[in-house]
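Everything on this sheet refers to the single structure shown next.
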Amino acid sequence: MRFKKEMLMKQDEFLIEIDNAPNENVIFVFNRDRTDCGCEDDKMNCLLAHLSIRALARLPKPPAALVFYGTGVNLALKDGESGKSLLALREKGTAIYYGSTSVEYLKLNIADLVGECIQPTQLMERLMNAGKVITL
């Protein structure tokens with residue numbers, strides 16, 4: 001019995017370490033408005049991109065930043081499927097950036113997007129300074 005109790009304590013300590021692991025240098029990148037999961041169904045790929053953002057918003061410790069460029073900028077629309085999740089992430093302290101070139105090319109209105117519009121150089125600086133970059 002004593003062994004099990006010690007193991008549980010060690011497991012609890014380990015779980016606490018995982019829960020408190022710093023994620024301040026983790027950046028998620030969305031360069032398309034859909035995932036590339038190998039599925040040929042575009043609706044499924046779009047749904048998975050939105051569900052990924054919703055899942056990030058539900059994490060107790062969200063990532064430091066989300067970066068959108070290319071057609072991924074469409075995911076940052078305030079009135080889009082991911083709008084509420086992005087606003088929740090921003091309230092938790094996650095920085096949200098989208099590329100100015102993509103916004104101009106896609107003819108989107110900055111006022112309709114969640115986050116901050118940044119130039120390509122700024123976008124690359126943020127990615128280079130990140131501890132970990134995860135592209136979806």
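Treat the numbers as computed from the prediction; the structure is a model and nothing was measured.
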Report summary line: Residue pairs passing the ring pair (Phe, Tyr, Trp, His ring centres under 6.0 Å) test with at least one member in residues 113-136, sequence neighbours excluded, are none
Donor-acceptor contacts under 3.5 Å from residues 78-90 side chains, at least two apart:
residue: K78; atom: NZ; partner: A111; partner atom: O; Å: 3.0
residue: S82; atom: OG; partner: H50; partner atom: ND1; Å: 2.5

Query raised in the report: Can you list the residues that meet the ring pair (Phe, Tyr, Trp, His ring centres under 6.0 Å) rule with Y98, with sequence neighbours excluded?
Result: none
Query raised in the report: Is there side-chain contact between L77 and L113, with at least one heavy-atom pair below 4.5 Å?
Result: yes
Report task. Determine the minimum heavy-atom distance between P62 and P60, stating which atoms define it. Result -> CD-O, 3.7 Å
Query raised in the report: Which residue pairs pass the ring pair (Phe, Tyr, Trp, His ring centres under 6.0 Å) test when at least one of the two sits in residues 55-85, sequence neighbours left out?
Result: F30-F68
Query raised in the report: In Å and rounded to the nearest 0.5 Å, what is the NZ to CG distance from K61 to L56?
Result: 14.5 Å
Query - Results of side-chain hydrogen bond (donor to acceptor under 3.5 Å, both in side chains) for S100 - residues two or more places apart only - result: Q119
Query raised in the report: Under the side-chain hydrogen bond (donor to acceptor under 3.5 Å, both in side chains) rule, what pairs show up with a residue in residues 101-116, not counting sequence neighbours?
Result: none
Report summary line: One should read off an interatomic distance between I96 CD1 and C117 SG, to the nearest 0.5 angstrom, of 13.5 Å
Under 3.5 Å, which donor-acceptor pairs do the side chains of residues 127-136 form with other protein atoms, sequence neighbours left out?
residue: N129; atom: ND2; partner: E125; partner atom: O; Å: 3.1

Requested in this report: To the nearest 0.5 Å, tell me how far N74 CG sits from R32 CZ.
Outcome: 12.0 Å
